[in-house]
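Following: one structure in structure tokens, then a few remarks.
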Amino acid sequence: MVPHGRAGARLHGLQGPVTNPWHSLARLSAKLEKRAGRLAAWHGFTPGRNAKRVRAWRGSLSGCRAVIVGNGPSLRIEDLERARDQVCLASNKIHLVFPHTQWRPRCVFIEDPQVLLHMRHEWDRLRGVQVLLPHTASGGPSDALRYRYCWRRIPPPLRPEFGLDPLVAFHWGFTVTFTALQWAFYCGVREVCLIGVDFRYEIRGPATQAGPGGARFERSSGRSNHFSPDYYPEGVSWLVPDLEYQRMAFESARAFYSDHGGEIVNGTRGGDLEVFRRVDFDVWAAERRGGARE
């Protein structure tokens, strides 16, 4: 039956050769893939090779415990020495401790654009350590691993999502520690201890510069918010932490680990982070040496 009236006229206008929508989608996909390849080449990595290397880490640390090292002022060289036989994940400018210890982390995560900017001439300091960067980052070591990063800010009271696959999406928690927790889970770790995560910052005053997603930046006053006075020297621009959003991210990680039979504990000396059960790091590190569960 042929439709009548205006509706029929509209439908008649659609008759004739119609392009298969799947063909259009395939062409669009091919274009996007080509563009992604050009972008990847510009950023210095090959998606296929990167994916294969990232997949090699999946489940590779099953049965191991991990120490995730924050960069707060409570961090001690002695604690890093105690953690030498544990799987350690660190971040950002952790290389500033390297001249003072033989300890080295297994992985270092850098996703703060300001830190990436500061590091552009310092990648050699992380030689021998696996560096992980978000897929949006430009530059970096040639052997860096890239994870897909979702910078979406989740409105409260919802909590940031916990990502299971770095090639699909790790989620933003306003702290690189949240990324390290997602990576540890991906690698098979179910028992994590945090150290140096003070969850406390001395902020000079109102932000001097606004960024995307409500991010705020200020010029460092040289205050000791980190383990080294050289971390953010006076006058350097740095991202002002959003502790409430970080807390929600940590609650998300705590719930996810707990739901899968794991636990995150806090071995930080002092600080204000109370989302996780507190432990004495000296005792925790001595319980089962070698990083593996008994």
Side-chain angles (χ1 to χ4, degrees), residues 61 63-110 112 115 118-119 122 124-132 175-181 183-184 187 189-202 220 222-233 238 241 243 246 250 253 257 262-294:
L61 300 177
C64 293
R65 307 191 304 168
V67 178
I68 293 182
V69 180
N71 298 311
S74 68
L75 185 63
R76 299 180 182 178
I77 297 296
E78 296 81 7
D79 289 339
L80 297 178
E81 292 293 340
R82 287 187 185 90
R84 283 179 65 178
D85 56 358
Q86 307 282 346
V87 171
C88 293
L89 310 178
S91 62
N92 295 338
K93 296 187 178 182
I94 191 63
H95 65 273
L96 293 175
V97 305
F98 290 179
H100 310 290
T101 175
Q102 293 186 349
W103 168 88
R104 295 293 184 271
R106 187 77 61 94
C107 301
V108 169
F109 300 82
I110 304 175
D112 184 329
V115 177
H118 302 159
M119 288 291 295
E122 301 186 42
D124 282 351
R125 298 194 183 192
L126 292 172
R127 187 172 296 165
V129 177
Q130 181 60 67
V131 174
L132 290 98
T175 168
V176 71
T177 303
F178 187 55
T179 301
L181 286 166
W183 176 257
C187 293
V189 174
R190 297 296 180 266
E191 188 177 350
V192 176
C193 184
L194 307 181
I195 61 173
V197 184
D198 290 51
F199 202 62
R200 176 196 298 156
Y201 295 90
E202 189 177 346
S220 172
R223 290 184 173 90
S224 55
N225 285 315
H226 299 88
F227 63 82
S228 168
D230 297 325
Y231 199 95
Y232 286 132
W238 71 297
L243 294 181
Q246 289 187 17
F250 286 141
Y257 270 75
E263 186 181 21
I264 305 164
V265 297
N266 184 9
T268 299
R269 299 184 186 279
D272 293 338
L273 181 60
E274 303 300 339
V275 172
F276 308 108
R277 179 172 67 89
R278 289 272 191 172
V279 298
D280 182 322
F281 183 66
D282 296 339
V283 174
W284 188 91
E287 277 177 354
R288 289 174 295 237
R289 308 199 69 82
R293 297 173 183 263
E294 291 178 340

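Bear in mind the structure is a predicted one, so any value in this text is a computation, not a measurement. In this chain, residues are counted from 1 in sequence order.
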Just how far is it from atom [atom1] of [X] to atom [atom2] of [Y], taken to the nearest 0.5 Å?
| X | Y | atom1 | atom2 | result |
| --- | --- | --- | --- | --- |
| Phe199 | Ser74 | CZ | OG | 13.5 Å |
| Glu191 | Tyr257 | CD | OH | 11.0 Å |
| Leu181 | Phe109 | CG | CZ | 9.5 Å |
| Asp280 | Cys193 | CG | SG | 9.5 Å |
| Ile77 | His100 | CD1 | NE2 | 6.5 Å |

Heavy-atom donor-acceptor pair, [X] side chain to [Y] backbone, under 3.5 Å:
| X | Y | answer |
| --- | --- | --- |
| Asp198 | Arg200 | no |
| Arg269 | Ile195 | no |
| Asn92 | Asp112 | no |
| Arg106 | Gln86 | no |

- [ ] On the 0 to 90° scale, with breaks at 30° and 60°, tag the Phe281-Trp284 ring pair as parallel, tilted or perpendicular.
- [x] parallel

Open item on the list: Between Thr101 and Glu81, is the side-chain contact (heavy atoms from CB on, under 4.5 Å) condition met? List the steps.
Closed with: CA-CA 7 Å; Thr101 175; Glu81 292 293 340; 2.4 Å; yes

If you compare all heavy atoms of [X] against all heavy atoms of [Y], which two are closest, and at what distance to 0.1 Å?
| X | Y | answer |
| --- | --- | --- |
| Cys64 | Val87 | CB-CG2, 4.1 Å |
| Thr177 | Phe250 | CG2-CE2, 3.8 Å |
| Phe178 | Ala253 | CE1-CB, 4.0 Å |
| Leu132 | Gln130 | CD1-O, 3.8 Å |

Task: side-chain contact (heavy atoms from CB on, under 4.5 Å) partner of Leu194, the single match among Val265, Asn266, Val69 - done: Asn266

Open item on the list: By the definition side-chain contact (heavy atoms from CB on, under 4.5 Å), identify the one residue from Leu89, Val108, Val129, Ile110 that meets it with Ile94.
Closed with: Val108

Open item on the list: Show, in sequence, the C-alpha distance, side-chain angles and deciding distance for Leu75 and Leu80, and conclude whether the side-chain contact (heavy atoms from CB on, under 4.5 Å) test is met.
Closed with: CA-CA 8 Å; Leu75 185 63; Leu80 297 178; 4.0 Å; yes

Open item on the list: If you apply the rule side-chain contact (heavy atoms from CB on, under 4.5 Å), what do you find for Lys93 with His226, and how did you get there?
Closed with: CA-CA 10 Å; Lys93 296 187 178 182; His226 299 88; over 6 Å; no

Open item on the list: Could you tell me if the side chain of Arg82 sits less than 4.5 Å from the side chain of Val67, heavy atoms only?
Closed with: no

Task: Check against side-chain contact (heavy atoms from CB on, under 4.5 Å), Arg104 and Phe98 - done: CA-CA 7 Å; Arg104 295 293 184 271; Phe98 290 179; 3.5 Å; yes

